[in-house]
Amino acid sequence: YIVCIGLVESLVRRIEKVHESIENQTSLVLSLLASLGLLTKLVEICPKGPDITKLMLTAQATELFGTISLLYAAVLPIGESIPPRTTSLAAATFNLLVTFANLNVETFQAVLIEQNLSLKFLDVISILLQYCVPKADVKSETQTVIIDLIATLGFFCANNKVNQVRM
């Protein structure tokens, strides 16, 4: 029902409006975190198998709910020093991506096979690895980002020669 009434598309439109660093916009960050949390819960309760909810179709049509472009816009301009709110956003985004890939890895890979999107994805991965690995204290949010980031990379490459070559 949530997909049919357009709520997911409304959340995606909000996510797609981000085109720069969001660190100084607390209310926007909180809104994005809530949106990503809701999307993650929707994916968690989505049944495996045929896409009766149309959530997989929506994810494909919106390039994984606009999450790769969101990360690219939020992380890339910052470079090597990633602030805490951006780290929280990355953690929530990778949690959604891992949850989605666990549900349907084929759709996950089909979306990321597009050249421009996969390059954005790999740019974000590279920056986050450079930033997060040296700061991965025990039980920190950067450690959570690294764990989900590595899992996402695994899903990106699993049984997919094209994506393996891109790595």
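All heavy atoms count here, side chains included; hydrogens, waters and symmetry mates do not.
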>> I'd like to know whether Asn159 forms a side-chain contact (heavy atoms from CB on, under 4.5 Å) with Val105, so could you lay out the CA-CA distance, the side-chain angles of the two residues, the decisive distance to 0.1 Å, and finally the verdict.
In response: CA-CA 10 Å; Asn159 298 320; Val105 72; over 6 Å; no
> Any side-chain heavy-atom pair from Thr87 and Val145 closer than 4.5 angstrom?
Replying inline: yes
> Between the side chains of Arg85 and Ser88, is a donor N or O closer than 3.5 angstrom to an acceptor N or O?
Replying inline: no
> Looking at CD of Gln25 and OG of Ser27, how far apart are the two atoms once the value is rounded to the nearest 0.5 Å?
Replying inline: 7.5 Å
> Hey, what do you get for CD1 (Ile127) to CG (Leu122), rounding to the nearest 0.5 Å?
Replying inline: 11.5 Å
>> Before you tell me yes or no, could you show the steps for Phe65 and Leu11 under side-chain contact (heavy atoms from CB on, under 4.5 Å), namely the whole-Å CA-CA distance, both residues' side-chain angles and the distance that decides it to 0.1 Å?
In response: CA-CA 8 Å; Phe65 310 111; Leu11 294 174; over 6 Å; no
>> Ignoring hydrogens, what is the shortest heavy-atom contact between Leu128 and Ala90? Give both atom names and the distance.
In response: CD1-CB, 4.1 Å
> Within the side chain of Lys120, is there an N or O that forms a donor-acceptor pair under 3.5 Å with the backbone of Ala73?
Replying inline: no
>> Is it the case that the side chain of Gln109 and the backbone of Phe155 share a donor-acceptor pair, with hydrogens and angles ignored and the cut-off at 3.5 Å?
In response: yes
>> Just to verify, which of Leu112, Leu96, Leu70 counts as forming a side-chain contact (heavy atoms from CB on, under 4.5 Å) with Leu64?
In response: Leu112
> Under 3.5 Å, is there a donor-acceptor pair linking the side chains of Ser31 and Arg14?
Replying inline: yes
> Given the rule that I, L, V, M, F, W and Y join up when any side-chain heavy atoms are under 4.5 Å apart, are Leu103 and Leu38 in one cluster?
Replying inline: yes
>> Looking at Ala91, is its backbone amide N or carbonyl O close enough to the side chain of Asn95 to form a donor-acceptor pair, meaning the two atoms are under 3.5 Å apart?
In response: no
>> Any heavy-atom pair between the side chains of Leu32 and Leu28 that's under 4.5 Å?
In response: yes
>> What I'd like to find out is whether the side chain of Asn160 reaches to under 4.5 Å of the side chain of Ile113, using heavy atoms alone.
In response: yes
>> Check the orientation of Phe156 and Phe121. Use parallel for under 30°, tilted for 30 to 60°, and perpendicular for over 60°.
In response: tilted
> What are the two closest heavy atoms between Thr107 and Met56, and how far apart are they?
Replying inline: CG2-O, 4.0 Å
> Are Ile150 and Val124 linked, directly or through other ILVMFWY residues, by side chains that come within less than 4.5 angstrom of each other?
Replying inline: yes
>> If we check side-chain contact (heavy atoms from CB on, under 4.5 Å) with Phe94, which of these qualifies: Leu153, Thr67, Thr144, Ile125?
In response: Ile125
>> side-chain contact (heavy atoms from CB on, under 4.5 Å) for Asp51 and Thr53? Distances and angles first, verdict last.
In response: CA-CA 5 Å; Asp51 187 19; Thr53 65; 3.4 Å; yes
>> On a heavy-atom basis, which atom in Ala74 and which in Leu89 lie closest, and how many Å separate them?
In response: CB-CD2, 3.9 Å
> How are the rings of Phe108 and Phe100 set relative to one another: parallel (under 30°), tilted (30 to 60°) or perpendicular (over 60°)?
Replying inline: tilted
> In Å and rounded to the nearest 0.5 Å, what is the OG1 to CG distance from Thr62 to Leu39?
Replying inline: 8.5 Å
> Roughly how far apart are Leu119 CG and Ile68 CD1, rounded to 0.5 Å?
Replying inline: 12.0 Å
> Passes side-chain contact (heavy atoms from CB on, under 4.5 Å), Val98 versus Asn102? Steps please.
Replying inline: CA-CA 6 Å; Val98 166; Asn102 268 316; 3.7 Å; yes
> Given side chains that start at C-beta, do those of Leu55 and Leu57 come closer than 4.5 Å, heavy atoms only?
Replying inline: no
> For Gln60 and Ala110, which heavy atoms make the closest approach, and how far apart are they?
Replying inline: NE2-CB, 4.0 Å
> Could you give the distance from CD1 (Ile52) to SG (Cys46), rounded to the nearest 0.5 Å?
Replying inline: 7.5 Å
> Which is it for Arg13 and Glu16 under the salt bridge (Lys or Arg N to Asp or Glu O under 4.0 Å) test, yes or no, and what are the steps along the way?
Replying inline: CA-CA 5 Å; Arg13 280 193 300 275; Glu16 288 175 338; over 6 Å; no
>> As an exercise, state the distance from OG1 of Thr40 to CG of Leu97, rounded to the nearest 0.5 Å.
In response: 8.5 Å
> What closest approach, in Å, do Ala92 and Leu36 show between heavy atoms, and which atom pair accounts for it?
Replying inline: CB-CD1, 3.9 Å
